[in-house]
S.K.: 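Right, I'll just put the structure down here and ask away after.
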Amino acid sequence: MSSVVILGAQWGDEGKGKIVDHYAGHADMVVRYQGGANAGHTLVIEGKKIVMHLVPAGITRERPTCVLADNVVIEPNILIKEIQTIKDAGYKISPERFRISEKAHVTMPYHLMIDQLREIKQARAKIGTTGRGIGPTYEDKVARRGIRMGDLIRPSILKERLSLILEDRNYYITNYLEEKPFDIKKVLEEALELGDVLAPYITDTSKIVYDACKSGKNVLFEGAQGVMLDVDGGTYPYVTSSNTTPGAAAMSAGVSPLFIKNVVGVVKAYSTRVGEGPLPTELTDEVGDMLRFQGGEYGATTGRPRRCGWLDMVCLKYTTRYAGLTSFILTKLDVLTGFPEIKVAVAYEVNGKRYDDLPYDIVSLSGDVKPVYKSFPGWTEDLKGASNIDQLPKNARDYVEWIKAELGVPMVMMSLGAQRGEGIESQNPFEA
Ligand code: IMP
């Protein structure tokens with residue numbers, strides 16, 4: 001039995017795509033367990049860049065079967081385009097090795113509209129979403145008015161459900177958003193066409209994942225976003241609309257959580273965030289600009305510049321506990337080369353009071369939170385090409401050793417650079 005969850009330990013964009021791609025080389029199955037086309041995984045393979053939003057990064061490897069599990073929300077147009085992009089890039093994607101849960105919910109055209117217009121209408125309280133219809137799709141799921149992938153291939157069920165659902169959603173759209181209602185005939189026709197294209201991939205994935213876990217295969221559960229964006233554990237309401245944490249992996253895949261052996265958190269050597277919400281260590285000066293420039297910190301899905309800041313150990317210790325990390329992978333340490341001083345928040349101070357743990361009211365306190373920093377001397381050497389932690393300059397090594405000691409779980413890999421293969425691996429989490 002060797003199932004591993006890989007998830008972001010901060011606000012997403014930790015460089016998970018490359019890590020999932022790396023471990024997919026050891027995996028029999030890769031299961032994406034939450035989120036939708038809000039995610040963007042960038043892979044650089046032999047100099048060629050490919051960005052994926054829905055299909056697990058493992059698809060570029062020969063071996064694993066890739067699965068979109070129940071709690072993923074799927075915008076069929078985006079998925080169909082992505083399948084084509086993957087084929088055009090020369091990778092094999094067929095119904096034998098790419099499977100979509102019939103229970104996964106569909107992001108419908110009205111979800112995209114509601115997400116985008118609501119952000120404009122409620123500008124005062126906007127979340128800074130990716131505009132990909134994620135929140136409204138999950139809302140409809142729990143309100144029991146969702147459309148599932150399995151409905152797309154069952155015309156009579158789809159027609160019946162859509163007529164009920166659109167009655168409700170059109171009321172909201174016309175009365176609150178003051179937009180034209182959606183035409184059921186048009187929505188139905190389009191949905192059935194998309195269903196036809198995706199039909200060969202749609203199935204009961206819980207059985208496939210169960211069989212793989214039960215027979216001791218290497219199953220990699222891939223998270224999207226990060227723990228600080230978890231709808232329960234994150235900086236609510238500035239979060240995404242799903243649970244990003246490992247418990248959600250088993251729930252979404254429809255298998256026992258006892259199958260999960262290791263939980264690997266991906267930790268970027270500094271902090272970034274896109275959208276609104278607290279980022280206590282944010283740097284709005286030229287140091288932040290340098291982090292953004294050196295790290296290429298622009299959203300893979302929306303192209304938005306990411307907010308950048310120093311590593312936040314208060315958040316990281318929280319996410320290590322909250323997500324139950326058994327190990328971590330450090331990414332983008334090479335981005336810090338050239339900074340004379342590197343800082344890490346070890347606590348917060350709010351109006352004279354010190355917080356060693358993440359406070360419940362982080363959102364309302366946000367403007368008053370002052371990080372208490374620990375400072376490290378920087379380094380100037382290029383880190384790329386190091387194949388062993390001992391080859392890093394002393395100051396970089398000290399920084400890494402300190403992070404390891406603070407998190408209290410082993411570091412299984414260090415990724416340096418965007419290319420496949422660039423980095424230092426000390427332990428394969430499937431074997432740990
Ligand atoms: P939504 O998931 O599009 O509803 O956006 C909610 C929040 O999560 C916004 O702040 C987004 O910028 C953020 N978010 C969603 N997906 C990602 C991601 O893949 N990486 C980083 N931030 C994300």
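Side-chain atoms are counted along with the backbone in the values below, which use heavy atoms only and exclude waters and symmetry mates. Atoms within each ligand, like the ligands themselves, are counted from 1 in listed order.
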S.K.: Starting from atom 5 (O) of ligand 1, what is the nearest protein heavy atom, named by residue and atom, and what distance separates them?
M.R.: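 For atom 5 (O) of ligand 1, the nearest protein heavy atom is Thr129 CA, 3.4 Å.
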
S.K.: Of Val264, Val400, Ile329, which is the lone residue that meets side chain to side chain contact (heavy atoms under 4.5 Å, CB included) with Met411?
M.R.: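 For Met411, the side chain to side chain contact (heavy atoms under 4.5 Å, CB included) test succeeds with only one of Val264, Val400, Ile329, which is Val400.
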
S.K.: Kindly say whether Val55 contributes a backbone atom to a donor-acceptor pair with the side chain of Arg32 at under 3.5 angstrom?
M.R.: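 Such a contact is absent between Arg32 side chain and Val55 backbone.
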
S.K.: Suppose I only count heavy atoms of Leu229 and a 4.0 Å limit; which atoms of ligand 1 are within that range?
M.R.: 8 (O), 13 (C), 14 (N), 22 (N), 23 (C)

S.K.: Considering both backbone and side-chain atoms of Asn38, is one of its nitrogen or oxygen atoms within less than 3.5 Å of a nitrogen or oxygen in ligand 1?
M.R.: yes

S.K.: Any idea which protein heavy atom is nearest atom 3 (O) of ligand 1, and the distance to it?
M.R.: Thr130 OG1, 2.6 Å

S.K.: Measure the distance from atom 2 (O) of ligand 1 to every protein heavy atom, then report the residue, atom name and distance (to 0.1 Å) of the closest one.
M.R.: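 So the nearest neighbour among protein heavy atoms is Thr240 OG1, 2.6 Å.
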
S.K.: Which residue and non-hydrogen atom of the protein lie closest to atom 19 (O) of ligand 1, and at what distance in Å?
M.R.: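 Result for atom 19 (O) of ligand 1: Ala39 CA, 3.3 Å.
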
S.K.: Check Arg306 against ligand 1 and report side chain, backbone, both or neither, counting heavy atoms closer than 4.0 Å.
M.R.: neither

S.K.: What do you reckon, does Gln225 put a non-hydrogen atom under 4.0 Å from ligand 1?
M.R.: yes

S.K.: Please state which part of Asp115 comes within less than 4.0 Å of ligand 1, counting heavy atoms only: side chain, backbone, both or neither.
M.R.: neither

S.K.: Starting from atom 20 (N) of ligand 1, find the nearest protein heavy-atom neighbour and note its residue, name and distance.
M.R.: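 For this ligand atom, the closest protein heavy atom is Asp13 OD1, 3.1 Å.
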
S.K.: Write out the residue and atom name of the closest protein heavy atom to atom 22 (N) of ligand 1, then the distance separating them to 0.1 Å.
M.R.: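 Ranked first by proximity to atom 22 (N) of ligand 1 is Val274 CG2, 3.3 Å.
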
S.K.: Take a 6.0 Å sphere around CD of Gln122 and say whether it holds more than 12 heavy atoms from other residues, nucleotides or ligands.
M.R.: yes

S.K.: Can you name the atoms of ligand 1, numbered from 1 with element, that are less than 4.0 Å from a heavy atom of Trp11?
M.R.: 21 (C), 22 (N)

S.K.: Are Asp28 and Asn218 linked by a side-chain donor-acceptor pair shorter than 3.5 Å?
M.R.: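 Asp28 vs Asn218: no donor-acceptor pair found between side chains.
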
S.K.: Consider ligand 1: state whether an atom of it lies below 4.0 angstrom from any non-hydrogen atom of Gly128.
M.R.: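 Gly128 counts as a contact of ligand 1 under the 4.0 Å cut-off.
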
S.K.: Is the side chain of Arg132 donor-acceptor paired with the backbone N or O of Ala37 at a distance under 3.5 Å, no angle test?
M.R.: yes

S.K.: Give me the residue, atom name and distance of the protein heavy atom closest to atom 7 (C) of ligand 1.
M.R.: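 For atom 7 (C) of ligand 1, the nearest protein heavy atom is Val239 O, 3.8 Å.
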
S.K.: Distance under 4.0 Å to a non-hydrogen atom of Arg304: what atoms of ligand 1 satisfy this?
M.R.: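 Every atom of ligand 1 under 4.0 Å from some heavy atom of Arg304: 11 (C), 12 (O).
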
S.K.: Main chain of Thr244, side chain of Gln34: is a donor-acceptor contact present, judged purely on distance under 3.5 Å?
M.R.: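 It does not hold such a pair.
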
S.K.: Is it the case that over 12 heavy atoms from other parts of the model lie below 6.0 angstrom from the OH atom of Tyr210?
M.R.: no

S.K.: Can you classify the ring geometry of His26 versus Tyr23 as parallel (below 30°), tilted (30 to 60°) or perpendicular (above 60°)?
M.R.: tilted

S.K.: Determine the sole option in Ile153, Ile80, Val106 for which the side chain to side chain contact (heavy atoms under 4.5 Å, CB included) test with Leu198 is passed.
M.R.: Ile80

S.K.: Side chain of Glu14, backbone of Thr331: donor and acceptor closer than 3.5 Å?
M.R.: no

